[in-house]
Each structure stands twice: as structure tokens, then as C-alpha cells.
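Note: hydrogens, waters and symmetry copies are ignored here, and every other heavy atom, side chains too, is used.
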Amino acid sequence: MSTSTFYGEACFVACIILYAQLVSSPNNAFASASSSASSSEAEALLEWKASFQNQTQNNLTSWTYSPSNSTNPKANASPCNGWTGISCNTAGSVNMINLTNSGIQGTLHELSFLSFPNLAYLELSFNELCDTIPPQISFLPKLIYLDLSSNQLSGQIPPEICLLTNLEVLHLHENQLNGSIPHQISQLNFLSELALSHNSLEGMIPASLSNLNNLTSLSLHENQLSGSIPASLGNLSNLTTLHLQKNQLSGSIPPSLGNLTKLTSLSLYQNNLSGTIPEQIGNLKSIVFLELGENQLNGSIPPSIGGLSNLVSLMLRENQLSGSIPQEIGNLKKLIYLQLDTNQLSGHLPQNICRGGTLQSFTAKANQLTGPIPKSLKMCKSLTSVFLQDNHLTGNVSEVFGAYPNLKKVDLSHNNFYGEISPTWGLCPQLATLRIVGNNLTGSIPPEIGNATQIQELNLSSNGLVGVIPNEIGRLTSLQRLNLDGNQLWGHIPSEFDSLKDLEYLDLSTNKFSGSIPSILGDFSKLHYLNLSNNKFSQEIPFQLGKLFHLSQLDLSHNSLEDQIPSEMSQMQSLEIMNLSHNNLSGSIPKSFEQMHGLVQIDMSYNQLQGPVPNNKAFQDAPLEGNEGLCGNIAGLQPCPSMENKRATKKDRRLVFIIVFPVFETLLLLLSFLGIALVRKKRNKEQDT
């Protein structure tokens with residue numbers, strides 16, 4: 001036995017002996033305290049208050065000695081007379097301390113627990129209590145309710161806490177407690193609520209907790225507990241809440257949990273649980289929340305789950321479940337949340353998946369599902385979110401979905417849907433996200449889409465859409481992301497775009513848009529991504545783009561843009577990636593680009609640029625080929641002429657002028673004389689004849 005273990009056991013035994021003496025002796029400290037309960041309790045409370053770090057910033061201004069003519073004011077003090085958070089029994093002894101959210105900064109070590117023999121209720125949650133829980137807390141023999149949650153308590157849970165034999169509620173959650181769960185807690189026979197969540201507890205869950213026959217709620221989530229779930233927990237026949245999520249638990253789900261017929265909430269998600277979901281889960285007839293997601297569970301979904309008629313939330317996401325989704329899930333008429341995504345599920349969706357008309361959130365993305373959308377889903381007016389992306393679902397997208405008054409988010413991306421975009425989406429007044437990426441959509445974008453004025457993200461990329469962008473898109477004034485890339489859209493960017501002031505992400509690449517890039521894009525002050533590449537845009541780059549101070553990525557490549565690069569673009573100080581390649585840009589690269597310190601990647605290849613390349617590290621490895629006139633100290637380019645070379649060239653030109661001009665004058669004079677001589681000679685001949 002280690003020294004620390006021996007010391008801990010010795011302290012525990014000593015506390016038991018002291019506790020027995022205090023309870024059994026007729027002349028014990030509790031009897032003495034009862035004779036002058038008010039004064040001793042008041043003194044204990046005031047001494048505790050005096051130890052607080054924030055004497056003037058708490059809610060305990062009423063804690064003070066009452067004015068009196070007595071020479072001993074302490075003798076007249078009574079916490080039962082209007083002290084905040086203090087209640088007393090008929091004998092004038094404190095039986096309740098409720099100081100939740102009172103702004104206390106301090107410890108429990110200065111509180112004399114021995115002074116409160118009748119205390120039954122101690123509520124100190126939502127304060128800033130720190131340091132450890134003192135073992136002396138066990139000197140509260142009548143305590144039935146203890147809540148120290150939402151503080152900054154640290155250290156281990158003292159095993160002496162088991163001496164509080166009348167305790168019914170123990171809340172220690174949301175602190176910084178560490179170590180293991182003391183097995184002595186299993187001796188608290190009257191305990192009905194045990195909440196130790198949101199700490200740093202480690203080790204295994206004590207199997208002895210199954211001795212707590214009165215336990216109705218066990219919350220151990222968000223710790224670092226490991227090992228398997230004790231099968232003996234299935235003996236807690238009164239349990240209604242079992243929360244073990246967000247730990248490091250492993251092994252399989254014990255079939256014995258199926259014995260917990262009063263259980264309404266079972267949360268085991270975000271652990272390392274493996275094996276299959278036991279068929280006995282179907283015995284939890286009272287279950288309302290069943291959350292088994294984010295584990296390593298395999299096998300099929302038990303059809304017995306379809307018999308859980310009270311089920312409201314079923315979370316099985318992010319496991320390795322396979323096989324088909326049981327049609328019996330259609331029997332869950334109270335189901336509101338159904339999360340089956342990121343598994344290996346196959347086959348068709350259940351036909352009556354919204355049989356009860358209550359389904360709100362349905363996600364089955366990232367599986368291997370096939371077949372059509374169930375008709376019950378089209379009529380499911382309660383839907384608020386649907387995520388079916390990354391499957392192999394089929395059907396005419398214009399026919400299988402209806403109008404949903406409460407729908408906010410829908411993602412049908414990367415399936416095999418075909419047909420045209422239904423105008424019915426405009427009848428979804430709450431719609432904020434519509435994604436139908438990578439399907440086989442055809443036809444044009446319906447103008448009715450402009451009626452869904454709450455849309456924040458519209459992504460119809462990688463389809464076969466044709467036609468122009470409807471002017472009605474300008475009505476989507478809440479739009480933040482617009483992706484229409486990878487289609488066959490044509491025409492100009494509508495002037496109605498000027499109302500999309502909240503736009504942060506715009507991708508119109510790989511279409512057939514033409515005309516000039518509208519200068520109104522420079523007014524999108526929140527824009528951080530702009531991609532207009534692989535279109536037929538012409539004319540110059542609008543200098544107004546320089547106002548896009550938050551833009552981090554700009555791609556205008558593979559168009560027919562011409563003229564010079566606006567120097568105003570250097571004002572985009574947040575720009576990291578810029579691609580202007582494969583255009584007809586001419587002139588020099590603005591020298592002001594040297595001040596774009598955030599630029600890490602640039603491509604200006606295949607234009608008609610000339611002159612020196614700016615001294616910016618982003619240009620060192622940048623593709624610049626296809627520009628015959630560029631020069632600089634960069635691989636693949638000719639060095640630019642230096643100033644000395646320029647001065648020498650100018651001097652040579654002057655020297656050539658000095659030499660050549662006199663020679664030219666001399667030759668000109670000779671030719672002039674020769675011409676005059678020939679003219680005279682010709683005249684003389686004419687006179688002789």
C-alpha cells in the first residue's frame with residue numbers, strides 16, 4: 001500500500017470515528033451548538049463571508065450584526081432575520097443556505113460546517129468557489145441536498161462525502177474536479193440524483209453505483225472516464241436519465257440496459273463504443289431521447305427500435321452501421337429528430353418516415369442510400385432541416401419535394417436527382433440554405449426563387465443549368481453565399497446584384513457569362529471569395545474591385561479581359577490568392593503590388609504584360625509565362641535593363657548623333673553642289689543647240 005493511499009484511508013477512518021462521536025454523544029458539539037444556534041451559525045457565516053475575495057461585489061450585504069444596545073452584538077445576531085439566502089426551522093436554526101449565483105469568490109475551507117447541525121439544503125451553484133472540497137463537509141448530518149455545480153472547484157471528490165447518509169441530491173458538475181469517482185458514493189442509499197459531468201474525472205465507472213437503488217438520474221458526461229459501461233447499471237430500475245456521452249468509454253453497449261424500463265434519456269454519443277446495438281434497446285418503452293452517435297457501432301439498426309413509441313430523438317450518426325433503415329422507424333409517430341448520417345446504410349428510405357407529421361430534423365447524408373424520396377417526406381410540413389447529400393438517391397427533383405412553411409436548411413447534393421428546379425422552393429418562407437450540388441439538374445433557375453427572401457446560401461453548382469440569372473435574385477437581400485459555378489448559364493450579371501450587400505462568397509465560374517464585369521461588385525464590402533473564371537467576360541477589370549478590403553481569393557482567369565491591371569487592386573490588403581491568367585491584359589503590373597504583403601499565390605500567365613515584375617515574394621514562384629514583355633530577377637524572365645545600361649545607351653545615342661549628323665550634312669552639301677552642276681551643264685547644252 002502506498003503512503004498516499006494509507007494516509008487517505010486513515011483520514012477516512014478518522015472522519016468516521018469523529019462523525020460517530022458527534023452524532024452519538026449526548027453532550028456533543030451539535031447539542032452545544034443547538035443551545036445557541038443563531039449566534040454560532042451567524043458567526044460562522046460572517047467568518048466565511050470575511051474570507052471572500054470580493055467583499056463588496058457579492059449579494060450578501062444583508063449579512064451583518066443587527067444594531068443593539070447590548071454590549072455583545074454577536075449575541076443578538078440571527079441569520080434567520082432577513083439574511084439573503086438563509087432559511088431557518090421553527091427552532092431558529094439554519095436549515096437552508098441558497099446562494100446560487102451570488103457572486104461569491106472564495107473557498108469552502110473557511111466555512112465551519114460543524115456549526116450547522118440542522119442544515120438540510122446547501123445550494124452554492126454558479127459562483128466562483130475554488131480550491132478543493134473539504135472533507136469536513138461530511139459534518140452536516142441532516143444534509144439531503146448538496147449543489148456545488150458551476151464553480152471552479154478542483155482536486156478529488158472526498159470519499160468522506162459518503163458520510164452524508166441522508167443525501168438525496170449531489171450536484172458537482174461543471175467544475176475542475178479530477179481523479180476517480182470514489183466508490184464510497186455507492187453507500188448513499190437515498191441518493192436520487194448524481195451529477196458529476198463537465199469535469200476531468202478519469203478511471204472507470206464504479207460498478208458499485210448499481211447499489212443506488214433510488215437513483216433516477218446519473219450524469220457522468222464530458223469527463224475522461226474510460227473502460228466499459230458496467231452491466232450492473234442495468235439494475236438501476238428507477239433510472240430515468242443516463243448520460244455518459246463525451247468520455248472515452250469502450251466495449252459494447254450492455255444488453256442489460258434494456259432493463260431500464262423507466263429510462264427516458266440515454267446518451268452514449270462521442271465515445272469509443274463498438275459492437276452492435278443490442279436488440280434489448282427495444283425494451284426501453286419510456287425512452288424519449290436515444291443518442292448513440294459518434295462511436296464505432298456496427299451491424300444493422302435493430303427493427304425493435306420501431307416499437308419505442310415515445311421516441312422523440314434518435315441519433316445514430318457517425319458509426320459503422322450497415323444494412324437498410326428498418327421500415328419500422330415509420331411507426332415512430334412522435335419522432336422529431338432523426339440522425340442517421342455518416343454510416344454505411346444502404347437501400348431505400350422508409351416509406352412512412354414522417355408518418356406522425358412531427359419530423360423536423362432529418363439527416364441521412366454520407367451513406368449508400370438509393371431509390372426515390374418517400375412520398376411522406378413531400379407532405380411533411382413540420383420539416384425544418386433535411387440533409388441527404390452524398391448518397392445515390394434518384395427521382396425528379398421538381399416532383400418529390402413540396403412547400404414547407406418551416407424549412408430552413410436542405411442539402412440534396414451529390415445524388416442522382418434530375419429534372420428542373422421547382423418554383424415551389426419559393427414557397428418556403430423560412431428557407432435559409434438550399435444546396436443541390438452535383439446532380440443532373442437541367443432547365444433554368446426559376447424566378448420564383450426570389451420569393452424565398454430569407455435565403456443566406458444558394459448553391460446550385462455542378463449541374464446542367466442553362467439560361468440567364470433571373471433578375472429576381474436581387475430580392476435575396478440576406479444572401480451570403482452564391483454558388484452557380486459549373487453550369488451553362490449565359491448572359492450578363494444582372495444589375496439587381498447591387499442589392500446583395502451581405503454577400504461573402506460568390507462563385508460564377510465555368511459558365512458562359514459575357515459582357516463586362518460589373519463595377520457594382522466593388523460595393524460588396526463583406527466579400528472574401530470571388531471567382532468569375534472560365535467565362536467570356538471582356539473589357540477592363542473594374543478599378544472598383546480595389547474596395548474589396550476583405551477579399552482573400554480572387555480568380556478572373558480564362559476570360560477575355562483586356563487593358564491594364566488597375567493599380568487600385570493593390571488596396572486589397574487581405575488578398576492571399578489572385579489568378580488573372582489566360583486573358584488579354586496589357587501594360588505593366590502596377591508597382592503598388594509590392595505593398596500587398598498578404599499575397600502568397602499569384603498567376604498572371606498568358607497575357608500581354610510587359611515591364612518589370614513587382615518586388616513581392618508572391619511573384620518569385622508565380623506562373624508568368626506567356627508574357628513576352630515581362631522582365632525581372634525571376635526564373636524564366638529576362639533581366640530588366642539596369643540604370644547604368646540605360647545611361648550608357650543614352651550616351652551611345654548622343655555619340656552616334658555627333659558623328660553621323662556632320663557626315664550626313666557633308667554628303668547633303670556634296671549632293672547639292674553636284675545637282676547644281678548637272679543642272680547648269682544641261683542648260684549650257686540647250687543654249688548651244
Side-chain angles (χ1 to χ4, degrees), residues 461 469 483-494 497 505-522 524 527-548 551-572 574-596 598-614 616 618-632 634-638 640:
S461 60
I469 299 176
N483 297 68
L484 301 177
D485 51 291
N487 283 287
Q488 301 179 35
L489 300 170
W490 62 70
H492 296 69
I493 297 177
F497 260 49
Y505 192 106
L506 177 59
D507 193 342
L508 304 180
S509 63
T510 317
N511 278 287
K512 299 179 180 179
F513 293 117
S514 58
S516 61
I517 297 175
S519 60
I520 57 173
L521 297 185
F524 296 166
L527 204 64
H528 62 81
Y529 182 95
L530 176 59
N531 192 343
L532 304 179
S533 64
N534 290 284
N535 279 289
K536 298 180 179 180
F537 290 114
S538 58
Q539 302 182 41
E540 70 279 357
I541 299 173
F543 68 87
Q544 290 88 347
L545 294 187
K547 296 188 295 182
L548 300 176
L551 198 68
S552 61
Q553 295 188 47
L554 173 64
D555 193 343
L556 305 179
S557 64
H558 294 274
N559 280 287
S560 299
L561 300 172
E562 54 193 30
D563 212 338
Q564 296 188 355
I565 299 172
S567 60
E568 289 83 355
M569 293 182 70
S570 63
Q571 298 173 12
M572 297 188 289
S574 298
L575 201 63
E576 299 177 357
I577 300 174
M578 177 166 58
N579 192 345
L580 304 179
S581 66
H582 294 86
N583 279 288
N584 299 316
L585 300 171
S586 58
S588 61
I589 302 174
K591 184 175 176 58
S592 56
F593 274 34
E594 294 181 354
Q595 306 305 317
M596 301 179 72
L599 206 58
V600 295
Q601 183 178 326
I602 191 167
D603 188 348
M604 293 188 174
S605 60
Y606 297 100
N607 280 285
Q608 300 173 25
L609 300 170
Q610 58 185 8
V613 173
N616 186 311
F619 283 92
Q620 294 302 311
D621 299 317
L624 298 171
E625 64 271 16
N627 294 284
E628 296 182 1
L630 289 177
C631 63
I634 295 176
L637 297 182
Q638 294 292 328
C640 296

Name the atoms and distances for all side-chain donor-acceptor pairs under 3.5 Å in residues 599-607, with sequence neighbours left out.
unit_1, atom_1, unit_2, atom_2, d
Asp603, OD1, Ser605, N, 3.0
Asp603, OD1, Ser605, OG, 2.8
Asn607, OD1, Asn583, N, 3.3
Asn607, OD1, Asn584, N, 3.4
Asn607, OD1, Leu585, N, 3.0
Asn607, ND2, Leu580, O, 3.1
Asn607, ND2, Met604, O, 3.1
Asn607, ND2, Ser605, O, 3.3

For Asn534 and Asp485: C-alpha separation, side-chain torsions, deciding distance, then whether side-chain contact (heavy atoms from CB on, under 4.5 Å) applies.
CA-CA 10 Å; Asn534 290 284; Asp485 51 291; over 6 Å; no
Candidate pair Leu530 and Phe524, rule side-chain contact (heavy atoms from CB on, under 4.5 Å), full reasoning:
CA-CA 10 Å; Leu530 176 59; Phe524 296 166; over 6 Å; no
Check step by step if side-chain contact (heavy atoms from CB on, under 4.5 Å) holds for Leu545 and Leu551.
CA-CA 9 Å; Leu545 294 187; Leu551 198 68; over 6 Å; no
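Residue Gln620 qualifies as enclosed at atom CD: its count of foreign heavy atoms under 6.0 Å is above 12. Under a cut-off of 6.0 angstrom, the local environment of CZ in Phe543 is sparse, with at most 12 non-hydrogen atoms contributed by other residues, nucleotides or ligands.
Here the side chains of Ser570 and Pro590 are not in contact, with every heavy-atom distance at 4.5 Å or above. Between Phe497 and Ile469 there is a side-chain heavy-atom pair separated by less than 4.5 Å. A 4.5 Å side-chain heavy-atom check between Leu521 and Leu506 finds at least one atom pair inside the cut-off.
Rounding to the nearest 0.5 angstrom, the gap separating the OG atom in Ser519 from the CD atom in Glu540 is 9.5 Å. One distance of note links CD of Gln610 with CD1 of Ile589; it measures 10.5 Å at 0.5 Å rounding. In this structure, CE in Met578 is found 6.0 Å from CE in Met572, a value given to the nearest 0.5 Å. How far CG of Leu532 is from NE2 of His558: 13.5 Å, rounded to the nearest 0.5 Å. Atom OG of Ser533 and atom CG of Leu556 lie 8.5 Å apart (nearest 0.5 Å). Taking CD of Glu576 as the reference point, atom CE of Met596 lies at 11.0 Å (rounded to 0.5 Å).
Listed here is the closest heavy atom pair of Ser592 and Ser567: OG-O, 3.5 Å. Of all non-hydrogen atoms in Gln571 and Gly546, the two that sit nearest each other are CB-O, 3.5 Å. The two residues Phe593 and Ile565 make their nearest non-hydrogen contact at CZ-CG2, 3.8 Å. Nearest heavy atom pair, residue Pro614 against residue Phe619, reads O-CD1, 3.9 Å.
A donor-acceptor pair under 3.5 Å links the side-chain atoms of Asn627 to the main chain of Gln608, judged by distance alone. Looking only at distances, a side-chain donor or acceptor of Asp507 sits under 3.5 Å from a matching main-chain atom of Ser509. Remark: the backbone N or O of Ser557 is paired with a side-chain donor or acceptor of Asp555 at under 3.5 angstrom. Using modelled atom types, no side-chain atom of Asn511 and backbone atom of Phe513 make a donor-acceptor pair closer than 3.5 Å. The backbone N or O of Leu561 sits nowhere less than 3.5 Å from a side-chain atom of Asn559 that would complete a donor-acceptor pair.
The salt bridge (charged side-chain N to carboxylate O under 4.0 Å, His left out) analysis of residues 618-630, with sequence neighbours excluded, yields no pairs.
Annotation: side chain to side chain donor-acceptor pair (under 3.5 Å) contacts of Asn483 (sequence neighbours excluded): none.
Below 30°, between 30° and 60°, or above 60°: for Tyr505 and His528 the angle between ring planes is above 60°, a perpendicular geometry.
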